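Below, chains carry the letters A, B, ... as their sequence lines are ordered, and counting in each starts from 1. Because the structure is a prediction, the values reported are computed rather than measured. The analysis underlying the following values was restricted to heavy atoms, covering all of them including side chains, and did not include hydrogens, waters or symmetry mates.
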Amino acid sequence: DGGITQSPKYLFRKEGQNVTLSCEQNLNHDAMYWYRQDPGQGLRLIYYSQIVNDFQKGDIAEGYSVSREKKESFPLTVTSAQKNPTAFYLCASSRNSNQPQHFGDGTRLSIL
Amino acid sequence: QQQVKQSPQSLIVQKGGISIINCAYENTAFDYFPWYQQFPGKGPALLIAIRPDVSEKKEGRFTISFNKSAKQFSLHIMDSQPGDSATYFCAASDRTDKLIFGTGTRLQVFP
């Protein structure tokens with residue numbers, strides 16, 4: 001089945017630690033996205049990538065980093081510079097610009 | 001100007017009733033308006049979407065109404081069912097490939 005796989009489902013971070021969230025898609029989509037979801041705030045765009053080896057900052061990129069070395073993979077690193085990382089993180093992909101975005105089932109990150 | 005304002009924040013509807021969720025936007029460059037449905041612990045799933053060249057789009061029990069002059073669009077769920085209980089998000093985008101989401105509406109349908 002084609003789809004978007006996010007792992008792990010739950011992740012815990014210690015103070016001062018970097019953690020990496022995985023996102024893999026087998027839909028052959030060119031564009032991939034990372035969103036952060038907080039209660040009552042909807043989804044906010046962290047980073048997006050329209051093509052391999054290229055990515056752009058979204059609205060809340062500070063404290064996060066990404067890479068896009070392969071078409072099917074778009075990992076997100078939450079760095080120690082992100083002071084409030086507790087949230088539900090969602091990865092999405094789309095065929096290309098202005099096409100529907102399809103979401104994975106998210107990773108919930110908490111601070112120990 | 002990039003915001004999408006969604007209301008109500010929560011909605012309680014009797015089974016068989018009509019659920020109505022409203023969204024408003026300011027950016028006239030927006031040309032794609034999707035609605036997403038999200039169940040707890042899951043990612044949002046695309047429900048239905050509309051472009052501004054039509055005023056209404058219907059798929060089964062779900063209808064989007066679009067008012068370009070008022071810069072508003074709404075989701076109507078006819079014959080609401082307990083299985084429709086979820087959080088619904090409207091969104092909008094222009095050709096920059098970025099979706100701007102509303103803050104969500106938690107719908108509860110009681111039998």
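For B:E59, the CD atom sits in a packed shell: over 12 heavy atoms of surrounding residues, nucleotides or ligands are nearer than 6.0 Å. In the displayed structure, A:K14 atom NZ is contacted under 6.0 Å by at most 12 heavy atoms of other residues, nucleotides or ligands. Around the CZ atom of A:R44, the shell of radius 6.0 Å holds more than 12 heavy atoms that belong to other residues, nucleotides or ligands. More than 12 non-hydrogen atoms from other residues, nucleotides or ligands lie less than 6.0 angstrom from CD1 of A:I111.
Residues B:Y25 and B:I100 share a hydrophobic cluster, clusters being chains of Ile/Leu/Val/Met/Phe/Trp/Tyr side chains in contact below 4.5 Å. By the rule that hydrophobic residues join a cluster once side-chain heavy atoms approach within less than 4.5 Å of another member, B:Y88 and B:V13 end up as members of one cluster. At a threshold of 4.5 Å between side-chain heavy atoms, the hydrophobic network of Ile, Leu, Val, Met, Phe, Trp and Tyr places A:Y47 and A:F88 in two separate groups.
Proximity to chain A is limited to the side chain of B:D31, based on heavy atoms less than 4.5 angstrom apart. Interface residue A:Q37: only side-chain heavy atoms are found under 4.5 Å from chain B. Only the side chain of A:D59 comes within contact range of chain B, with at least one heavy atom under 4.5 Å from a heavy atom of that chain.
Shortest non-hydrogen contact noted between B:K98 and A:Y48 is CD-OH, 3.7 Å. Listed here is the closest heavy atom pair of A:L90 and B:P44: CD1-CD, 3.7 Å. Residue B:Y36 comes nearest to A:Q101 through the heavy atom pair OH-O, 2.8 Å, listed as atom of the first residue, atom of the second, then distance.
With chain B as the partner, the residue from A:P39, A:A92, A:P100 showing the most heavy-atom pairs under 4.5 Å is A:P100.
Distance CG/B:L99 to OH/A:Y33: 7.0 Å, rounded to 0.5 Å. The line from CD of B:Q38 to CG of A:D105 is 9.5 Å long, rounded to the nearest 0.5 Å.
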